[in-house]
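See structure below.
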Amino acid sequence: ILLRMAKPSAAGKASPRKKKKAKMVDTTDAYPYVTPGRLAQTGTLDSTVPGRTKRQLTNDYDLEEPTLLPLAAVDDDDDEEAAALDPNPKVALIATSSTSNHSIAITTDGIAYGWGRNEANQLGLHSGACATVPLPTRLVGPWEDTPLVGAATGKSHSVVVDANGLAYAVGSNKCGQCGVNTSIEDITKFRKCVLAGGAKANEDVEIVQVSCGEQFTVLLTSLGHIYSAGLAEFGQLGNGETGEYFIAANKLGFANATKFERRSVFVQSDENATGGKKAEMTNIPNCSQIAIASISCGKNHTIAVEAPTTSGHVPRVFSFGCGDYGCLGHGVQADEYYPRLISTLRGPLFASNYPVRAEAGSSCSMVITQQGHVYYMGKHRQVGEATMRPALIDALANNAHVVASCSGGAQTVFCTTKNAVTVSWGKGDTGELGYGRGNQKSSAQPKFVEKLDACMVTDLACGYGHTLFLIKDEDAEDKKAIKKMTKLETEQVTL
């Protein structure tokens, strides 16, 4: 989720961190384009199914249409504080990813709830022999009463951000993706993330946004600086190298990062710089001053959109990491080890319709512009050709749809518009496309999610085998639409 960037002090450094008030802090100011709403999901709640087993989706918890989710039941004797919380809170942020079968939701009070696959303790919940947390369950950690304002999930790890600009991670750390400055492979409780540069760097930097790939994590600070940690195999760290070396005769290792380091080198092909045809990389002038406003990670790549500047130039879009299926938007299937400028998202066409938000699926990327157009690159369906350079989704743009939010999953893409239209396409074996029980489980073109026709979706997030929605609940019209939606009860979940 894109958070509002803090203003730098006169010296160009982060303003001193102020301790936020602890309880009942409304975090909605941090999300300029997201209206809080009710939490809904499509796709089975049984995390043993996606990508593993094939069975008939016949249970109540096998959600094949957008369904309102309840919170997990809490026993007053077990957790008096949790039992006293609002049982039907409004949610300000939803987080999952294309490789993640678990999810996190943060309420307007800054309280986090997690559910889904938990085999690597990626939710920080000790669920014992049960590897599934079927319903949203409150997450606790060293942030204590400080409200949370950000979250992201990888395949087997999770990261949250609190209102003081600190990040905390939990779950698998085999490649250092938790960024807690240790080679311990399993982080069983949330631990504070560590930034390179010593105590001063960790004190001065305020984190405002986080995104996770399969085995790496990218942080964004209030000054628009990017920090990364985790696997380096495909250039996911954006530091110019993979650090490949031989562990044994037939086994390779990589220079993975166990703590977060700033990535300040941005490059372009000299074709962009000088008009030549030879695609050699050169550093962008004054690249250390580039400020990023939005980041999103796919399975092994990242896409980033620059923040608007006072100089008036059009915000640029950069990508780095694994280049399979052209998901980086450079017209070739090649990995990029530094954040590289996507040249086709520049020019007069974008002067008044500039990029504002980045979204990534497993092997695809999307950019939303100021006028609500979506540019797509890569591939999310097993069949068909890959889109090697950014291409306008004309089925939406040509019909005057203004896209407010979009997201990509393992094999799905969703878009929702300001006129309360939600479409999806791709392949969804476990109900993640939301077309309803007994209906098709794939679509080659954007198809209306009819169960959401009456609802205003303010945000959405695609995961691995499921999709999350925020449903607007502000006025009588919204409440009337919500009443028509399917609602799951806790007793229906027998996992």
Side-chain angles (χ1 to χ4, degrees), residues 1-6 20 24-41 66 68-69 71 85-86 88-98 100 102-116 122-124 136-141 143 146-154 157-170 190 206-212 217-220 222 293-297 356-360 368 404-409 414 416 456-463 466-474:
I1 293 297
L2 170 63
L3 305 185
R4 186 170 58 198
M5 293 176 62
K20 302 292 192 301
M24 300 303 290
V25 175
D26 190 338
T27 61
T28 55
D29 282 349
Y31 318 106
Y33 55 74
V34 174
T35 301
R38 302 301 175 189
L39 175 65
Q41 175 174 322
L68 295 171
L69 287 187
L71 301 182
L85 296 173
D86 184 355
N88 190 29
K90 281 191 177 181
V91 172
L93 179 146
I94 46 178
T96 188
S97 71
S98 59
S100 170
H102 67 287
S103 308
I104 295 175
I106 298 178
T107 70
T108 54
D109 294 327
I111 298 170
Y113 292 85
W115 69 103
Q122 55 261 56
L123 291 170
T137 302
R138 188 185 181 193
L139 306 183
V140 295
W143 57 87
T146 304
L148 296 178
V149 298
T153 63
H157 74 291
S158 303
V159 183
V160 297
V161 179
D162 73 9
N164 291 323
L166 301 175
Y168 304 87
V170 72
F190 278 100
E206 181 181 359
I207 300 160
V208 295
Q209 190 184 154
V210 59
S211 188
C212 295
T217 304
V218 179
L219 303 177
L220 183 66
S222 59
S294 176
I295 56 172
S296 186
C297 297
V356 295
R357 182 176 175 182
E359 292 292 344
I368 302 179
S405 179
C406 69
S407 185
F414 270 74
T416 187
M456 176 69 76
V457 177
T458 64
D459 202 17
L460 48 81
C462 295
H466 68 292
T467 308
L468 307 179
F469 309 90
L470 283 186
I471 311 297
K472 187 168 173 279
D473 184 14
E474 297 292 317

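It should be emphasised that the depicted structure is a prediction, and the values quoted were computed from it without experimental measurement. One is the number of the first residue; the rest follow in order along the sequence.
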Are the side chain of Ser97 and the backbone of Gly463 linked by a donor-acceptor contact shorter than 3.5 Å?
no
Say you draw a straight line from OG1 of Thr107 to CG of Leu93; how long is it, rounded to the nearest 0.5 Å?
10.5 Å
Please answer whether the main-chain N or O of Cys462 pairs with a side-chain N or O of Thr96 as donor and acceptor at a distance below 3.5 Å.
no
Counting C-beta onward and ignoring hydrogens, is there a side-chain heavy-atom pair between Ile104 and Val160 closer than 4.5 Å?
yes
Is the closest side-chain heavy-atom distance between Tyr168 and Val159 below 4.5 Å?
no
Side chains of Ile111 and Ile106, heavy atoms from C-beta outward: is any pair under 4.5 Å?
no
Are the side chain of Asp162 and the backbone N or O of Asn164 linked by a donor-acceptor pair below 3.5 Å?
yes
Thr153 pairs by side-chain hydrogen bond (donor to acceptor under 3.5 Å, both in side chains) with which of Ser103, Ser211, Ser100?
Ser100
Shortest non-hydrogen separation from Ser407 to Leu460 and the atoms involved:
CB-CD1, 3.4 Å
Heavy-atom side-chain proximity of Pro136 to Leu39 below 4.5 angstrom
yes
Report yes if the side chains of Pro66 and Gln41 come closer than 4.5 Å at any heavy-atom pair, otherwise no.
no
Within the structure provided, determine whether Leu148 and Trp143 are in side-chain contact (heavy-atom separation under 4.5 Å).
yes
Check whether any side-chain heavy atom of Ile295 lies under 4.5 Å from a side-chain heavy atom of Gln209, and answer yes or no.
yes
Nearest atoms (heavy-atom pairs only) where Leu220 meets Ser294:
CD2-N, 4.1 Å
For side chain to side chain contact (heavy atoms under 4.5 Å, CB included), just list the numbers for Val457 and Ser405, CA-CA rounded to whole Å, side-chain angles, deciding distance to a tenth of an Å, and then say yes or no.
CA-CA 9 Å; Val457 177; Ser405 179; over 6 Å; no
Give, for atom OG1 of Thr35 and atom NZ of Lys472, the distance between the pair rounded to the nearest 0.5 Å.
6.5 Å
Please test His157 against Thr217 for side chain to side chain contact (heavy atoms under 4.5 Å, CB included), starting from the C-alpha separation and ending with a verdict.
CA-CA 9 Å; His157 74 291; Thr217 304; 2.8 Å; yes
Shortest non-hydrogen contact between Ala163 and Thr146, atoms and distance
N-CG2, 4.0 Å
So do the side chains of Phe469 and Arg38 get within less than 4.5 Å of each other, counting heavy atoms only?
no
What heavy-atom pair brings Ser296 and Ala358 nearest, and what distance separates the two atoms?
CB-O, 3.5 Å
Atom CG of Leu470 and atom CE of Met456: how far apart are they, to the nearest 0.5 Å?
13.0 Å
How long is the span from the CG atom in Leu139 to the CG atom in Leu123, to the nearest 0.5 Å?
6.0 Å
Rounded to the nearest 0.5 Å, what separates atom NZ in Lys90 from atom CD1 in Ile471?
13.0 Å
Do you know the tightest heavy-atom contact between Cys212 and Gly154?
CB-N, 3.5 Å
Stepwise side chain to side chain contact (heavy atoms under 4.5 Å, CB included) test for Tyr113 and Val91:
CA-CA 10 Å; Tyr113 292 85; Val91 172; over 6 Å; no
